[in-house]
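Letters A, B, ... mirror the listed sequences (proteins, then strands); counts begin at 1.
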Amino acid sequence: MPELPEAETIVRSLQRLVQGRHIVKADFLSRRVSGDSPQALAGRRVVQLRRYGKKILFELDQGLLLVDLRMTGRLLMNHVPGPYTRAVLRLDDGVLLFDDIRQFGSLRILEKEPESAGPDPFEISCERFCDCLRGRSRRLKTTLLDQSFVRGLGNIYADEILFRARLHPMLKTDRLTRPRAAALHEAMRETLAEAIVYRGSSVSDYVDGTGQKGSFQLRHEVYRKQGQPCPICQTAIRRIVVGQRGTHFCPHCQRLR
DNA sequence: CTTAATGTTCCCCA
DNA sequence: TTGGGGAACATTAA
């Protein structure tokens with residue numbers, strides 16, 4: 001389940017390996033990996049590799065390739081193709097694989113950068129973040145997961161961010177005081193920045209572009225910690241379901257009030 | 001055997 | 001119009 005820190009780590013691990021390289025040949029091995037023609041990629045040069053929310057964007061000399069990893073997608077440089085390899089990009093130096101067990105991920109060839117998603121968490125100002133939050137009445141958890149609010153957060157970081165900000169996942173956004181909204185903005189940036197330093201969270205499938213695991217899962221405070229003591233107050237972490245998503249929080253530190 | 005996990009989209013209901 | 005709930009998608013692990 002790659003989210004922003006994982007996508008960022010993958011991009012950093014692949015940049016020097018793919019930037020400037022030409023795509024010699026591209027193959028899509030499964031019907032559902034892409035609706036586009038892989039031939040359109042042949043001969044293209046990778047100008048820049050960038051993160052777009054939790055997705056990965058190949059800026060080509062002509063057009064773009066958008067890789068959506070969803071839950072089990074992997075981009076792997078110079079690995080052996082396996083049963084879950086869904087796409088192969090042969091470069092003039094090396095081979096890039098797109099592996100995906102669940103096949104929810106996709107590769108899309110675009111003319112220009114997508115614009116439907118919300119702002120990047122590192123770019124949105126505190127002012128704007130607070131205004132957007134309080135302008136509607138939804139649960140905090142739902143809002144953080146909404147990619148049109150900010151792009152890049154998933155289930156793991158939503159829970160970790162809310163714990164850091166000491167806010168209940170079911171709290172309605174319009175009931176946040178300004179200082180608490182500002183604290184959430186700060187918790188978001190701090191949590192993500194720290195997760196990037198630790199090269200992401202490897203809870204199930206995630207590895208970077210060279211096959212290396214991250215270590216931020218060792219620093220998770222609430223995600224999948226139900227029954228374990230809160231690192232602040234020792235109260236047992238609780239798991240509830242919010243918007244069909246498993247949600248982990250400390251009932252003492254994160255009160256609904 | 002069933003259930004949970006996971007991100008996103010879509011569809012229905014209040 | 002808004003928010004919430006549920007299904008669907010594919011696969012593995014428990």
Item to check | Whole-Å distance separating the CZ atom of A/Arg70 from the P atom of C/dA8 | outcome: 17 Å
Checklist entry - Can a side chain N or O of A/Lys172 be found less than 4.0 Å away from OP1 or OP2 on C/dG3? => result no
Got a list of side-chain donor-acceptor pairs under 3.5 Å for residues 38-46 of chain A, not counting sequence neighbours?
residue: A/Gln39; atom: OE1; partner: A/Ser37; partner atom: OG; Å: 2.7
residue: A/Arg44; atom: NE; partner: A/Asp61; partner atom: OD1; Å: 2.7

Every protein N/O within reach of nucleotides 11-14 of chain C N/O, cut-off under 3.5 Å:
residue: C/dT11; atom: OP1; partner: A/Gln103; partner atom: NE2; Å: 2.7
residue: C/dT12; atom: OP1; partner: A/Tyr84; partner atom: OH; Å: 2.3

Next on the checklist: Below the 4.0 Å mark, does C/dG5 have OP1 or OP2 next to a side-chain nitrogen or oxygen of A/Arg139?
Outcome noted: yes
Please list every donor-acceptor pair under 3.5 Å in which a side-chain atom of residues 10-24 of chain A meets a protein atom from a residue at least two apart or in another chain.
residue: A/Arg12; atom: NE; partner: A/Glu8; partner atom: OE2; Å: 2.8
residue: A/Arg12; atom: NH2; partner: A/Glu8; partner atom: OE2; Å: 3.3
residue: A/Ser13; atom: OG; partner: A/Thr9; partner atom: O; Å: 3.3
residue: A/Ser13; atom: OG; partner: A/Ile10; partner atom: O; Å: 2.7
residue: A/Ser13; atom: OG; partner: A/Gly209; partner atom: N; Å: 2.9
residue: A/Gln15; atom: NE2; partner: A/Leu49; partner atom: O; Å: 3.0
residue: A/Arg21; atom: NE; partner: A/Asp92; partner atom: OD1; Å: 2.6

Item to check | Whole-Å gap separating C1' (B/dA5) and CD (A/Glu3) | outcome: 13 Å
Checklist entry - With centres under 5.5 Å and planes under 30°, do A/Phe104 and C/dC9 count as stacked? => result yes
Quiz: residues 121-130 of chain A side-chain donor-acceptor pairs under 3.5 angstrom, not counting sequence neighbours:
residue: A/Ser125; atom: OG; partner: A/Arg128; partner atom: N; Å: 3.1
residue: A/Glu127; atom: OE1; partner: A/Arg178; partner atom: NH2; Å: 3.3

Checklist entry - Between C/dT2, C/dC9, B/dA5, which one does the side chain of A/Arg32 approach most closely? => result C/dC9
Item to check | Exam field: side chain A/Ser30 to backbone A/Arg86, donor-acceptor pair closer than 3.5 Å | outcome: no
Item to check | Whole-Å distance separating the CG atom of A/Leu145 from the P atom of B/dT9 | outcome: 13 Å
Checklist entry - So, does the side chain of A/Gln244 form a donor-acceptor pair with the base of C/dG6 at under 3.5 Å? => result yes
Checklist entry - The side chain of A/Arg136 lies closest to which of these nucleotides: C/dT2, B/dA5, B/dT8? => result C/dT2
Next on the checklist: Expressed as a whole number of angstroms, how long is the span from A/Gln217:CD to B/dA5:P?
Outcome noted: 18 Å
Distance-only criterion, 3.5 Å: show the donor-acceptor pairs between side-chain atoms of residues 211-218 of chain A and protein atoms not counting sequence neighbours.
residue: A/Ser215; atom: OG; partner: A/Tyr198; partner atom: O; Å: 3.3
residue: A/Gln217; atom: OE1; partner: A/Ser202; partner atom: N; Å: 2.8
residue: A/Gln217; atom: NE2; partner: A/Gly214; partner atom: O; Å: 3.1

Item to check | Whole-Å gap separating C1' (C/dG4) and NZ (A/Lys141) | outcome: 15 Å
Next on the checklist: I need the CG-C1' distance between A/Asn155 and B/dT8, as an integer number of Å.
Outcome noted: 13 Å
Next on the checklist: Any base atoms under 4.0 Å from A/Ser137, or only sugar-phosphate, or nothing? Heavy atoms, all strands.
Outcome noted: sugar-phosphate
Checklist outcome for this item: With sequence neighbours left out, the residues meeting side-chain contact (heavy atoms from CB on, under 4.5 Å) with A/Lys54 are A/Gln147
Checklist entry - Could you state the CE-P distance from A/Met170 to C/dG3, rounded to the nearest angstrom? => result 15 Å
Item to check | Protein-nucleotide distance (A/Met71, atom CE; B/dA4, atom C1'), rounded to Å | outcome: 12 Å
Under 3.5 Å between N/O atoms: give me all the protein pairs with nucleotides 10-14 of chain B, atom names plus distance.
none

Checklist entry - Cut-off 3.5 Å, side chains only: do A/Ser201 and A/Tyr157 have a donor facing an acceptor? => result yes
Next on the checklist: Does the Lys NZ or Arg CZ of A/Arg166 fall within the cation-pi geometry relative to A/Phe163 - under 6.0 Å from the ring centre and within 45° of the axis?
Outcome noted: yes
Pairs under 3.5 angstrom only: tabulate donor-acceptor contacts from the side chains of residues 228-241 of chain A to other protein residues two or more places apart or in another chain.
none

Checklist entry - Which is true for A/Arg138 with a 4.0 Å heavy-atom rule: it touches a base, it touches only sugar-phosphate, or it touches nothing? => result sugar-phosphate
Checklist entry - If you look only at pairs with a residue in residues 233-257 of chain A, which of them pass as a ring pair (Phe, Tyr, Trp, His ring centres under 6.0 Å), with sequence neighbours excluded? => result A/His168-A/Phe249, A/Tyr223-A/His248
